[in-house]
There are 2 protein chains.
Amino acid sequence: MLPSSTVENYLKALYQAQVALEDEKALVPMGQLANAVGVAPGTATTMVKALAESGLVEYEPYLGVRLSTAGAKLAAMVLRRHRLIEQFLVEIMGMSWTEVHEDAEQLEHVVSDRLIERMDAMLGHPSVDPHGDPIPTADGDIAPHRYHSLLTCPLHTEVTVTRVADQDASFLRFLEAQRLKPGQSLEVEARDSAADSVQLLTEGQRSITIGTKAASKVLIEVA
Amino acid sequence: MLPSSTVENYLKALYQAQVALEDEKALVPMGQLANAVGVAPGTATTMVKALAESGLVEYEPYLGVRLSTAGAKLAAMVLRRHRLIEQFLVEIMGMSWTEVHEDAEQLEHVVSDRLIERMDAMLGHPSVDPHGDPIPTADGDIAPHRYHSLLTCPLHTEVTVTRVADQDASFLRFLEAQRLKPGQSLEVEARDSAADSVQLLTEGQRSITIGTKAASKVLIEVA
DNA sequence: AGTTTCATTTTGAGAACTCAAAATATAGGG
DNA sequence: CCCTATATTTTGAGTTCTCAAAATGAAACT
Ligand SMILES: [Mn+2]
Ligand SMILES: [Mn+2]
Ligand SMILES: [Mn+2]
Ligand SMILES: [Mn+2]
């Protein structure tokens, strides 16, 4: 009974929703799951009931769902495949970090264990993918890490972009053009809550201003 | 309406059956198709009717099916992906030619055009895959080639293995162990139709005897 | 021509996944 | 406490793909 692509996508969406909630055993509301998977609300309800039947999730009607231990393990494996594939496409095949997500979204469901471990070895067992997302180990472990973002970090301090919390290609291309991709350094000059904006000084000493929503998606580390 | 994996597998099976029949517009019997796809006869009938409806095949009840021009084009693209993937797995990822078929069987349905063209470029636009199977061009063209096999080639003449007409992993491992993989040279010493066998002298000057069925699957070129 | 054999098609059904729209539950505001 | 807005579930239905087994067609054999 190996899981279908559909099941894998539900589990992965759930995993990511739970990580975003910061709370291990929080329940993910049905609507949010349906939205993440890209399916009508009723469809998610039906699917989740089947997943609960298989022991992959715990379902509390009207409250939400949460992954079981088995479900979380499976989800971590999907995420591992997804991120190793992205890293492979960028490092070995020379594709852009802005365009690998869609390919990985499909490939994650069909690459064999053999193949994924070969990729892992070729890449030297990387710990993060091109977007700075951590890659779970083969046992499903993931190093926990608290991030600052351009919205929460100290002002006038050199910081390095370590992770981008959005896969939208046009957003990633924007970051690349503005020298804001993972690995690049910058300082936050000022924040203006009235204008809903954040002013940055990037590597090339160029000053740019971006919205707070965009700023919150750029995760950083203080140098 | 991009074709599903299922449809792609039917078209590919049909394409290969037609090539084997040597006759461009021969009809492939329903039973053979069902068998190739690995499905019950009635299932193939239902599917073929749907494919005919979509204009991908021509279906003659009780006689068989044949690919339409559109169907043949699509099938050639699946085959192109399959073989480029196999070549990539062997040449770039260092996997064995005996084990790449299964992976390619899945990957052929999900790799994007972008990705497949990247592979093609990295490989220097190869014309054959690790089994010696020709790789169709991006337009679906395939260089026609008549092969001799160890069953039909002249005796006591140096020949080179150029293609293997079977994907079974244990058969391929056997060939590898006996120095009969594509690129290796040998001579046919004798044929014994009563014993149903063919006697060979391989590169290492080792003399081995194989059955005629196996011999017919090893395609060669006279040096 | 009649009968057996084999391939093929038809039938009836089920699994997995999906949606739109109706029904219902929950939570908040008055 | 009622009423309303919103989230969730239920219902009825459709798509794609599959099978087993019955029915039928074609071919082959006497
Ligand atoms: Mn996916
Ligand atoms: Mn990523
Ligand atoms: Mn396939
Ligand atoms: Mn091949």
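Naming: A, B, ... by sequence-line order, numbering from 1 per chain. Treat the numbers as computed from the prediction; the structure is a model and nothing was measured.
- Classified by interplanar angle (parallel below 30°, tilted 30° to 60°, perpendicular above 60°), the ring pair A/His101/A/His131 is perpendicular.
- Using a 4.0 Å cut-off between charged nitrogen and carboxylate oxygen, B/Arg66 and B/Glu60 count as a salt-bridge pair.
- Residue B/Thr43 has no polar side-chain atom (N or O) positioned under 4.0 Å from OP1 or OP2 of D/dC17.
- Heavy-atom contacts of chain B under 4.0 Å fall on DNA chain C between two terminal nucleotides, which in 5' to 3' order are C/dT8 to C/dT10.
- For the pair B/Met47 CE and D/dT18 P, the computed distance is 8 Å after rounding to whole Å.
- Looking at B/Met30 and B/Tyr59, their side chains come closer than 4.5 Å, going by heavy atoms from C-beta outward.
- Of the residues listed (A/Val28, A/Asp23, A/Val65), the one engaging A/Gln18 in a side-chain contact (heavy atoms from CB on, under 4.5 Å) is A/Val28, and it is the only one.
- Take A/Ser4 and apply the side-chain contact (heavy atoms from CB on, under 4.5 Å) test, not counting sequence neighbours, and it matches A/Thr6, A/Val7.
- Both B/Tyr59 and A/Val7 sit near DNA chain C, but only B/Tyr59 has its closest nucleotide nearer the 5' end.
- When rounded to the nearest whole Å, the span between CG of A/Leu27 and P of D/dA7 equals 17 Å.
- Applying the side-chain contact (heavy atoms from CB on, under 4.5 Å) criterion to B/Ala36, with sequence neighbours excluded, gives B/Ala13.
- Residue contacts shown for B/Thr6 are limited to sugar-phosphate atoms, with no base heavy atom under 4.0 Å away.
- Using a 4.0 Å heavy-atom distance criterion, B/Gly31 is classed as a sugar-phosphate-only contact.
- Atom CG of A/Asn35 is separated from atom P of D/dT8 by 11 Å (rounded to the nearest Å).
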